[in-house]
Amino acid sequence: MSDNAGRFLQPSGGLLSGDVVDLVRPELRFELRSALNRLYEQNMPTLSLPIMVRFNGNQHRVHVLVRGANGVEAPNLRHAVVMFIEGEEVTDQVAVADGHATGEAVRRLTQELELTQSRLRTVREESDAANEELRAANEELQSINEEYRSTSEELETSKEELQSINEELQTVNSELKLKLETISRAHSDLQNLMAATDFGTLFLDSMLRIKRFTNRVTELFSITPADEGRPITDFAHQLDYDRLTSDARTLLADLTPIQREVQSRSGRWYDVRMRPYRTVDDKIDGVVITFVDITVQKQATERLDVMVGELQHRTRNLLAVVQSIASQTIERSADLKEFGKGFNERLSALSRVQSLLSEGDTGGISFAALVRLEIEALGARDRVTIDGPDVALPLGTIQTLALALHELATNARKYGALASASGTLVIRWEVRSSSDGGRCLFIRWSEDGTLETSGKSAKPEGGYGRVLIEKALPYTLGAKTTFDLGEGKLRCTIELPL
């Protein structure tokens, strides 16, 4: 309701009704009911003739306008808009001159009479039309009643037939239910199988249109479930495989499975296999393409080759080192017993280095770990000072450098600082800039308090350890070395290029 709609409402006494016709003023009820009926039954808007309505003792002409409107909350239901249009005030008193009504009064009374007669004619026409409609509806109802009786008899006959058909349908329904359960289980198994597989599978029909695919396929093709039914040739892929569609057509022609190893643009490798799609009755109905990511295996066929080459290289180097150890030990041994003892010690040192190599990685071996390994083998850890940063040495430098450290440590234990009760050994190293602009590892081996018996301090010149330091290290590793043997001390430096 608008704010001033209450002016035209005057509910009747008794129970409150929700019918708008019962809520408006009595003078407006007849016209409003007729206008609403015309709108809902004939879809015809209505503007009524003027209706006299008394407001505060004075009469006013009021028009009732009824038209259709769409509802907001229920757009499918029909709604009506009712508007009350209030006219000018009509004076009740009639002017009289010399006992006769004036012309204005007569004109007003005549106009009101014509309005009343027009309203009566309208009501009569509506009543006649309603009667005609009622008679026509009555005839239709009679005809429908006869058809209903005939239909009822047919329904009785059909009911018996339906009962028989229903029994047959129940039997068929039971069979279909069993088949549906079987198909549902098979579909669930297929869905789980496709979800569980860690490789892409693409199903194409005989026209190379997409039938089904697993999620991993979307990593190679820009397709979505909405693309099922579209030719695979409409989509670009991430594989370096221009013959994909031609291979699929070749497969459909000769039915020979195809297998290829192809690389994606992102650098990954895939094992692509094509096979014919066979139905349960052994008919060819398309192509099945699988994409198996073999990048890890490929990187492993490559790492294995590198490892085999590295193993062969290390084996050759190790045999050369063993051969050199045996040759040098024989030359400097007085008898077989001395040879066996020296050879076993050097092989043990070499074995410790090999254990350290097997525990390391291709990034290099820690020099600090190499030093500690040799010192712990001496059993004099409390008399040795070790100081230096953690430096990773290339694998090719470990064996020769480890043998040199072993010879220095063995010499210190037999003749040097560790053979004396008051002797000390200090091993320090640091990384420096070399003269050629690179980097080098500078190692300083310092012994104090060495034995001084018969002039054999720290082993006479020409020992195997000295040969390793002064000849083998510069020759094989490009190192710069010094060896200074003095009274009660030994100083050795090694400058190893990194």
Contact summary for Gly68 and Leu39, nearest pair of heavy atoms: N-CD1, 3.7 Å
Between Thr224 and Asp227, does the side-chain hydrogen bond (donor to acceptor under 3.5 Å, both in side chains) criterion hold? Intermediate values first, please. CA-CA 5 Å; Thr224 64; Asp227 296 322; 3.3 Å; yes
What is the minimum heavy-atom distance between Ser12 and Arg29, and which atoms define it? OG-NH2, 2.8 Å
Under 3.5 Å, side-chain donor or acceptor atoms of residues 154-164 against the rest of the protein: list the pairs with distances, not counting sequence neighbours.
unit_1, atom_1, unit_2, atom_2, d
Thr157, OG1, Glu153, O, 3.3
Ser158, OG, Glu154, O, 3.0

Where Leu496 and Ala479 come nearest, the two heavy atoms and their spacing: CD1-CB, 4.1 Å
Sequence neighbours left out, what passes salt bridge (charged side-chain N to carboxylate O under 4.0 Å, His left out) with Arg33? Give chain and number order. none
Separation between CD1 (Ile294) and CD (Gln299), nearest 0.5 Å, reads 11.0 Å
Angle between ring planes, Phe221 versus His237, binned at 30° and 60°: parallel, tilted or perpendicular? tilted
Which residue pairs pass the side chain to side chain donor-acceptor pair (under 3.5 Å) test when at least one of the two sits in residues 165-180, sequence neighbours left out? none
Please tell me if the side chains of Leu204 and Phe213 come closer than 4.5 Å, counting only heavy atoms from C-beta onward. no
Kindly compute the distance separating CD1 (Ile258) from CE (Met274), expressed to the nearest 0.5 Å. 6.0 Å
Is there a donor-acceptor pair under 3.5 Å between the side chain of Thr201 and the backbone N or O of Thr214? no
Tell me whether Ser188 contacts the main-chain N or O of Ser184 through its side chain, where contact means a donor paired with an acceptor under 3.5 Å. yes
Indicate whether any N or O donor in one side chain lies under 3.5 Å from an N or O acceptor in the other, for Asp390 and Ser366. yes
Go through Glu27 and Val62 one step at a time and tell me if the side-chain contact (heavy atoms from CB on, under 4.5 Å) criterion holds. CA-CA 10 Å; Glu27 300 95 326; Val62 176; over 6 Å; no
Any chance CG of Asp281 has more than 12 other-residue heavy atoms, nucleotides or ligands included, within less than 6.0 Å? yes
Residue pair Gln10 / Pro26, side-chain heavy-atom distance below 4.5 Å: yes
In terms of heavy-atom contacts, does CZ of Arg439 have more than 12 from other residues, nucleotides or ligands at under 6.0 Å? no
Between Arg432 and Glu495, is there a side-chain heavy-atom distance shorter than 4.5 Å? no
Residues at least two apart in sequence or cross-chain that pass salt bridge (charged side-chain N to carboxylate O under 4.0 Å, His left out) with Arg428, listed by chain then number, are Asp387
Crowding at CZ, Arg25 (>12 non-hydrogen neighbours, <6.0 Å): yes
Mind listing the closest non-hydrogen atom pair of Ser2 and Asn4 along with its distance? OG-OD1, 3.1 Å
Side chains of Val53 and Phe84: does their closest heavy-atom pair fall under 4.5 Å? no
Take atom CG of Asp254 as the centre, draw a 6.0 Å sphere, and report whether it contains more than 12 heavy atoms from other residues, nucleotides or ligands. yes
Taking side chain as C-beta onward, heavy atoms only, is Leu393 less than 4.5 Å from Leu498? yes
Considering residues, nucleotides and ligands other than Phe55, do more than 12 of their heavy atoms fall under 6.0 Å from its CZ? yes
Is it true that Thr218 and Asn215 share a donor-acceptor pair across their side chains at a distance under 3.5 Å? no
Would you say the side-chain atoms of Thr182 pair up with the backbone N or O of Leu178, donor to acceptor, closer than 3.5 Å? yes
Check this for me: Asp240, atom CG, are more than 12 non-hydrogen atoms of other residues, nucleotides or ligands nearer than 6.0 Å? no
Atom pair CZ (Arg278) and CD1 (Ile284), whose distance is rounded to the nearest 0.5 Å: 3.5 Å
State, with a plain yes or no, whether a side-chain heavy atom of Leu244 is found less than 4.5 Å away from one of Val262. no
Compute whether any side-chain donor of one residue and acceptor of the other, for Asp19 and Ser17, lie under 3.5 angstrom apart. no
Should His79 and Val81 be marked as a side-chain contact (heavy atoms from CB on, under 4.5 Å) after you check the CA-CA gap, both sets of side-chain angles, and the distance that decides it? CA-CA 7 Å; His79 293 73; Val81 175; over 6 Å; no
Would you indicate whether the side-chain heavy atoms of Leu405 and Phe367 approach each other to under 4.5 Å? yes
State whether the side chain of Thr250 and the backbone N or O of Ser246 hold a donor-acceptor pair below 3.5 Å, judged by distance alone. yes
Tightest non-hydrogen contact, residues Asn58 and His60, listed as O-CD2, 3.5 Å
With a 4.5 Å heavy-atom cut-off, do Val288 and Tyr277 have their side chains touching? yes
Excluding sequence neighbours, so at least two apart, what forms side chain to side chain contact (heavy atoms under 4.5 Å, CB included) with Ser264? Leu239, Ser266, Arg268, Tyr270
Distance in Å, Glu219 CD paired with Gln238 CD, rounded so as to fall on 0.5 Å steps: 10.5 Å
Under the criterion side-chain contact (heavy atoms from CB on, under 4.5 Å), I'd like the reasoning laid out for Gln297 against Trp269: C-alpha separation, chi angles, the key distance, then a yes or no. CA-CA 9 Å; Gln297 293 88 330; Trp269 284 90; over 6 Å; no
Nearest 0.5 Å, what's the CG-OG distance between Asp285 and Ser206? 6.0 Å
Identify which one of Ile85, Leu47, Ile51, Leu49 satisfies the side chain to side chain contact (heavy atoms under 4.5 Å, CB included) criterion when paired with Val64. Ile51
Can you name the salt bridge (charged side-chain N to carboxylate O under 4.0 Å, His left out) partners of Glu228, sequence neighbours left out? none
Which atom pair, heavy atoms only, marks the closest approach of Tyr40 to Ala80? OH-CB, 3.5 Å
Would you give the length of the straight line joining atom CG of Leu65 to atom CG of Leu32, rounded to the nearest 0.5 angstrom? 11.0 Å
Could you check Arg372 against Ile386 for side-chain contact (heavy atoms from CB on, under 4.5 Å), going step by step and ending with a plain yes or no? CA-CA 8 Å; Arg372 293 189 184 95; Ile386 299 174; 4.3 Å; yes
Is it true that, when you exclude Lys480 itself, more than 12 heavy atoms of the residues, nucleotides or ligands shown sit nearer than 6.0 Å to its NZ? no
